[in-house]
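Below: one structure, written as structure tokens.
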Protein chains: 2
Amino acid sequence: MTDKAASTQTDGRILRGEATRERVLDAAERLFAAQGFDATSIRRIAAEAGVTLGVVGFHGGAKQDLIRTVLERRVEALNSKRRARLAELRAAGSPPALRDLVDAYLTPYLEYASQGDPQWRAYARLIARIVSDDRWYPAVGGLYDPVAREYLHAMQQARPDAAQQELATALTLTVASMLSLVASRARIAGLSGRDAGSPMDYRDTLITFCLGGIDAVSRAP
Amino acid sequence: MTDKAASTQTDGRILRGEATRERVLDAAERLFAAQGFDATSIRRIAAEAGVTLGVVGFHGGAKQDLIRTVLERRVEALNSKRRARLAELRAAGSPPALRDLVDAYLTPYLEYASQGDPQWRAYARLIARIVSDDRWYPAVGGLYDPVAREYLHAMQQARPDAAQQELATALTLTVASMLSLVASRARIAGLSGRDAGSPMDYRDTLITFCLGGIDAVSRAP
DNA sequence: GTCTATATGTAGATAGAC
DNA sequence: GTCTATCTACATATAGAC
């Protein structure tokens, strides 16, 4: 959003400013993910990043700009991974199977959410928080929806006889199930009686569940 | 939680105090549901209820007590409706069918969420917000989990060969799908391209989807 | 780019009059 | 039961020195 920092750089070298900026965004990402937007103060972000209050304002702008910057920083990573997997499936010839489509959409996100790097885990958690909240969706849904729509079209080609609205709904329920593995770990652990492992541990079950659901919906009268 | 108000009543008559208390809890319910806990100030609740700041404190106690009181006020309505439907299915003889179990668990919630009374809609929305958030689940999960576990046991009887952990996970994904119809209306509308109707409009699709998912999971090797 | 300092508003909570 | 008044803390945001 604001690139005051970068605009002072005339050559390609990255100075300490870049590193500080990353630390600020990292801290914001972790705290927004863990506690939500409203419960996270800029002061706390500054403390977590080891900078002063003014520095956060300088790099992040207003609080709402800050969270957008945090999300946008990594949005292309997830989108391009999903696009690449879809392209692979298409390159393999003939319309991709439904199961492969579901796998290709869900797995990259689960991988981020289960990755060793806590920063990527925080990003995945933040997405789950923000995208499923009606208050935030208008501001950020546009970041991820285009790719989801590409998958929806591919699914419609795989199930040409299914009602399009039903298929679209099935995809939104699939996404909700996926996000819940990251956002609702405590609920899942509490109900299933075991400590929740990493989201990737649920991958097979998730894919089976969602595929079964989509299949059932696309066969319904 | 705090029943200072009621404790001053020695006979059965309900004075203005009860009505005021309800107005406070109603306002809190609406605002917590619409904006979340952290974004909602007690002052705003007071304004919405048409009372002064001190009155909210008197009836609701500290902010965290207030939201618990709001949730507990109606928890029995949902729980007993689900229990009643489960009892009906059992009374009908022989283990209930999986589809009936899914229907019986999902439908009462969707009905509340789609009801004319905006107060019940707010309650449903608040549940969706709070139960899927890891930060809140420890404080409120215990309100709804016992009934969910009864359904889980019934599901295990309907699918005795399924792995228990898989079935439990399938139920948590079912719940997540259900909650998303209430909490993530904007996402659903955005992705499916139509204005989201009421959650009940999605009931058939939701049941088909979840049943297909549970079925697939409980057949998996 | 980063700091300190501060302007300005709002938060939760409660004490005490009525 | 309800209101007014206020305490104390913390919030966001920015101006200006370095």
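In this text the structure is predicted, and so the values were computed from the model without any measurement.
Rounded to whole angstrom, the span from the CD1 atom of B:I45 across to the C1' atom of C:dG12 amounts to 11 Å. Going from atom CG of A:L53 over to atom C1' of D:dA11 covers 10 Å, rounded to whole Å.
In the set D:dT2, C:dT2, D:dA13, C:dT2 carries the atom at the smallest distance from any side-chain atom of A:T20. Listed nucleotides: D:dC3, D:dA13, C:dG12. Nearest to the side chain of B:R43: C:dG12. Considering only side-chain atoms of B:V55, the nucleotide from C:dC3, D:dC3, D:dG1 that sits closest is D:dC3. Proximity note for A:H59 (side chain, C-beta onward) versus D:dA13, C:dT2, D:dT2: the nearest is C:dT2. Considering only the side chain of B:A62, C:dA13 comes nearest among D:dG1, C:dA13, C:dC3. Considering only side-chain atoms of A:V51, the nucleotide from D:dA13, D:dC3, C:dC3 that sits closest is C:dC3. Side-chain atoms of A:K63 lie closest to D:dA13 of the nucleotides D:dA13, C:dC3, D:dC3.
More than 12 heavy-atom neighbours from other residues, nucleotides or ligands sit within 6.0 angstrom of CG on A:D117. Heavy-atom neighbours of A:Q64 CD from other residues, nucleotides or ligands within 6.0 Å: at or below the threshold of 12.
Below the 3.5 angstrom threshold, one finds no donor paired with an acceptor across the side chain of A:R21 and the base of C:dG1.
Of the residues in residues 29-41 of chain A, A:T40, A:S41 come within less than 4.0 Å of DNA chain D through at least one heavy atom, sorted by number.
A side chain to side chain donor-acceptor pair (under 3.5 Å) check over residues 32-50 of chain B, counting only residues at least two apart or in different chains, returns the pairs B:R30-B:E48, B:Q35-B:T40, B:D38-B:R135.
Scored by the salt bridge (Lys or Arg N to Asp or Glu O under 4.0 Å) test, A:R125 finds B:D134 as partners (sequence neighbours excluded).
Figure legend: B:R85 and B:Y105 shown without cation-pi pairing, the cationic atom not lying both under 6.0 angstrom from the six-membered ring centre and within 45 degrees of its axis.
Rounding to the nearest 0.5 angstrom, the gap separating the CH2 atom in B:W120 from the CZ atom in B:R74 is 5.0 Å.
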